[in-house]
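Take a look at the structure below.
Labels below follow one simple rule: chain letters A, B, ... track the order of the sequence lines, proteins then strands, and each chain is numbered from 1. In this text, all values refer to a predicted model and were calculated from it rather than measured experimentally.
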Amino acid sequence: MPFLIDWQNPILAPNYRDDLVKKLNRRKFLKGALNGGAITVGLPLLDVFLNDNGTAYADGTPIPLRFGTWSWGLGMSESIFVPKRTGPNFDLPEEIAALAPVQDHINLYTNFHVFKDDAPNLCHHSGWVVLRSGIAPMSSQNQPGETIDVAVARQIGNATRFRSLSATATGDVRNSFSYEGGNSVNTPEWSPLRFYQRLFGEDYQDPNADSFTPDPKVMVRKSALSAVQDDAKKLEQSLGAEDRARLDQYFTGLRDLERRFDLQMTKPDPREACVMLEEPENLPTGLDADLVAKRHRMMTDLMLMAIACDQTRVFNMFYASAFSATIRPGYDKPHHTATHEEAVDSELGYQPNVSWFTRRAMDEWAYYVNALANFKEGDGTLLDNSLIYATTDQSFAKLHAIDGIPMFSAGTAGGKVKTGLHIDGGGSPGCRLGYTAQRLMGVDIDSWGDKSNTTSSEIGEILV
Amino acid sequence: MKKDLRDQLNPLLRGIMVSRGIGHLKFLLSPDSLFKMWNVNRRRESSLSILSDIYLFLRTALCITCTAVLVIACGSEVSEPAEPLESASAPRTRLLTGEQYSNSIAAVFGEDIANSVLPPIPPMTRTEGLLSSGAAFVGVTSDQISQIQQSAASVSAKVVDENHRDFLIPCSPESVEAADGNCASLFLQSTGRLLTRQPLDELRLAELVDIANYAAEQTEDFYAGLALALESVLISPEFIFIVDQQESDPERPGFNRLDNYSIAARLSFFLWNGPPDDALLLAAERGDLHSEEGLLREVDRMLSSARLETGMRAFFDDMLGFDEFNSLAKDPSVYPMVTGSTLRDAREQTLRTIVDHLVTQNADYRDLFVTRKTFMSPALGVVYGIPTGNGWIPYEFPAESPRIGLLTQVSFLAANSHAVRSSPTLRGQALRERFLCQLVPDPPPNVDFSLLEEAEDATTARERLNVHNTNPSCAGCHLITDPMGLALENFDGAGRFRETENGVELDISGELDGVSYNSIEGLATAVRDHPKLPNCLVNRLFGYGTGGPASLQYDRDTINWLESRFVANEYKLTALLRDLAVSKAFSTVRTVDSQGKMGVGEADAVPYRLAEPDFSSQLQR
């Protein structure tokens, strides 16, 4: 069934288009369209959704660019985390020894700062909020504005079934570092089984299927969206500005949904790395480090397949929350409590139990990078066209320090980033990495961050 | 009316009082209170002439006088003050909570379909103590909408499948392979009305039928077509959001009232945590909810419905922060007897105790903190160390038992502990924040933790926490949490009773806002008699019922008035629910004109962080 109106190539200028839509008696419009056997809708696409269009697959880019984030909690033990040497072939102190197998795929960034300026130092909050949104929060009630993954998804997330996907290894639906705005969180997948069902359930279209038949239901869904929008206008009449903005956000989401319906009606490009996984087992709740690791690996495997099947190009993985409450079996303090209550061992020069937790986090970071690097896709791997941005909430958690907060990246973003480097930031803003990442993903910004966190300086050492 | 008229009438009024020999009742008949009551009467008469104003004023004065005489004659208390004149609430646009989503699907299509779909609703940010209040501020991301669509498709497919269609669709199509507009219309009209909580207008219904017909043609399947039309209702903002629709209030110039359907929705989500039923929608259609009598009739019907239990369970689950149980676990090497089902039962035990005490027995709210009556399950029997039968059975702890009231139930003790040990700080904080509505501030970021290290080898929590209380920068906050929590140290992190910790006998003495105690019972009684306890419940219920946090500036008088009613009604929950549901505050909303920023509570609201544990966990526990 053909579409009469192609919004990718609009014949009318947007203003005229809007006016036309307003003038149409919608019921007649729908009827007319039905009688003529064609489908159309009164919803103009927002310009932001036109950044990449349906031709993305056909324009010679066989494998799309991808962006991921990863997070761990409570920083590091500096003396055994920060390598002595910078540049390539840096040494791996004991706390990051687990990274040896993936050293060539990652960069480690140390001595970068997060600035709070006139904002208070909000424990376990300021650090991650600045690195993800560029802005120091004024109170611990402030959520960040838009986070980096959302900005990138607006750029590269429009040609897939999901604009972005988030998953957490904590089993807690409240753990997310992905926000469209202060009050709008992207809810993470917290159960492997549920994540599986969402990915490979009824609406899943196997890109490698022999034949492709557009689902007539999807066409109906798309045409029905216009009725939903009209409805909503009535609702908005007597609302205050903030409530109206929330409903407007809902309509923006409906327009995005419309675009996803369009995608479902075109045959997906084959994805040779994409295979259906077995349905995973359900896991119990809990934050025992072994259980968290297991959950993290199950979530990672599902997420990677979602990427390989091109269900999304933007993905957030959450290993531990800012107040990581991971527990070490038999030890009476959860991770966060241990950072404050455990003494620095005078011989070792660090907190042994705290370091145990950080090492477990590094085990999982290594697993994650390795999984991407070993996932064959075409002539390369999933990691080749990806950039992963990994952050934490403090540098030395015991003192709630945010100076010298460590970060990682992984992947070359399609050959544009050098890897295997340890970069010393010399006290410059940590936001430089987020800025660099957004530029690499094609986000059109000249600078990023607020006040002292503002930067327009890419981390040139990593650029090819 | 008219200050000068009031000035002229005041001497007259005093004359009446003196002539009737009740001059000493001046305190009762202050001009202000008289004017309030006169205004109430005036509203009823909706009369505007000066003469009838005077008549009404006199009638009110006489009426009050007579009442006062009667009251004195009977020797009982004077009647409660009337609701404040300015009483109103903020208009809200609420996202359905996850539970409300499920309850809506269950109310229209049955529990089995509701249970087959996880609600596609984001977690709420706890706001002024309630997750449900966060629903007035939360936004819906694009990602979330795709989940809402997936759930809508899943629900719709089930509604029309062969197991359900005969029950849920009131007609059969002429052919299952073709469109049938009449049958589609019947179904969509009735379900659309229930889902959007008001009748569909003609155009909207026609549109939905168009979609159903078109979809049936495309899929050559009547039922598939119907499901697709239903999907579009289930993703519409009219279903997903509860929007307070307002109109000017003819009886109170300067105020807007909710329209009948919005009152119906407020009532049903307040009392039932679900959508209005057919009878309530019919009452709204008749306009009954704008009349005192009609409103009372519906409220009383709702209060006597079995659905009240669902509603109150949801409220207390929210107020007590029981969402914590969704991710709660105990370290099995420390607490091998505590499994997932133990913790599920602990949550259930407390909700059963509350519903039985407050709804079934209609008993004093404060006594929840000293009652020894509860319910027991086999899994809980293990933790409590008592033999028990199969299933849930009523259980009463003996008088000498340390188990007394909600604070000594496993739910409170285990939820406010770590996975590996108890936490007096967490327990004290929960007691302050959940039950007394007091906010425990965040600690400063530059805390000196070196003293805590020295306490590493402390044998008891009291020794460990003593560091806080001797260090000025910690003591400020920890002194308002730790003493209460330490009184519960006879219960470990899983809520089991213990005489000692690491072989050392426990000192459980302490003090709560001026009341000292040296037993668990002492703490329980101090909480029961705490002056903030009733006010806190009223405050939370007000926020819960009106769909967003109470405003310190605008709602204080109303809450104080409700509290005085609550006291007069011997702390009975059902009476409080009734008072709130039929109050002006419940069905009247402030206009932009009357208050600038609408007092929706952003300034007052203190939402908790979402990406972190529910409590402000920077506190050293």
Open item on the list: Between B/Q149, B/Q144, B/K330, who has the most heavy-atom pairs with chain A when the cutoff is under 4.5 Å?
Closed with: B/Q149
- [ ] Select one option (side chain, backbone, both, neither) describing which atoms of B/A229 are under 4.5 Å from chain A's heavy atoms.
- [x] neither
- [ ] Go through the structure and list residues passing ring pair (Phe, Tyr, Trp, His ring centres under 6.0 Å) with B/Y261, not counting sequence neighbours.
- [x] none
Open item on the list: Between A/R198 and chain B, with a heavy-atom cut-off of 4.5 Å, which part of the residue counts as in contact: side chain, backbone, both or neither?
Closed with: both
Open item on the list: Just so I understand: if I count every heavy-atom pair under 4.5 Å between each of B/I240, B/N213, B/D244 and chain A, which residue has the most?
Closed with: B/I240
- [ ] Using non-hydrogen atoms and a 4.5 Å limit, figure out which bit of B/S333 sits close to chain A: side chain, backbone, both or neither.
- [x] side chain
TODO: Could you tell me which portion of B/I121 (side chain, backbone, both or neither) has an atom closer than 4.5 angstrom to a non-hydrogen atom of chain A?
DONE: neither
TODO: Go through the atoms of B/L118 and report whether side chain, backbone, both or neither lie under 4.5 Å from a heavy atom of chain A.
DONE: side chain
- [ ] Side chain from CB out, backbone as N, CA, C, O: work out which of these in B/N326 comes under 4.5 Å of a heavy atom of chain A, or both, or neither.
- [x] backbone
Open item on the list: Looking only at the side chains, is there a donor atom on one of A/T168 and A/T170 sitting less than 3.5 Å from an acceptor on the other?
Closed with: yes
TODO: For the pair A/R154 and A/E146, find out whether any cationic side-chain nitrogen is under 4.0 Å from an anionic carboxylate oxygen.
DONE: yes
Open item on the list: Under a 3.5 Å threshold, yes or no: a donor from one side chain and an acceptor from the other, between B/D259 and B/Q245?
Closed with: no
Task: Contact class of B/N256 relative to chain A, heavy atoms under 4.5 angstrom - done: neither
TODO: Look at the aromatic rings of A/H336 and A/H124 and report parallel, tilted or perpendicular, splitting at 30° and 60°.
DONE: perpendicular
Task: Ion pair check, A/K398 and A/E341, cut-off under 4.0 Å - done: no
Task: A/S178 side chain to A/N186 side chain, donor-acceptor N/O pair below 3.5 angstrom - done: yes
Task: Option in B/G493, B/S154, B/G134, B/A136 with maximal non-hydrogen atom pairs under 4.5 Å from chain A - done: B/A136
- [ ] State, to 0.1 Å, how close B/P122 and B/G139 come at their nearest heavy-atom pair, and which atoms those are.
- [x] CG-O, 4.5 Å
Task: Engaged part of A/N121 at the chain B interface, taking heavy atoms whose separation is under 4.5 Å - done: both
- [ ] Check whether B/V334 gets within reach of chain A through its side chain, its backbone, both or neither, counting any heavy atom under 4.5 Å.
- [x] neither
Task: A/R163 bridged to A/D256 by N-O distance under 4.0 Å - done: yes
TODO: May I ask you to name which of A/R161, A/K217, A/R221 has the most heavy-atom pairs under 4.5 Å with chain B?
DONE: A/R221
Task: Among B/L208, B/T219, B/V420, B/V233, residue most engaged with chain A (heavy-atom pairs, under 4.5 Å) - done: B/V420
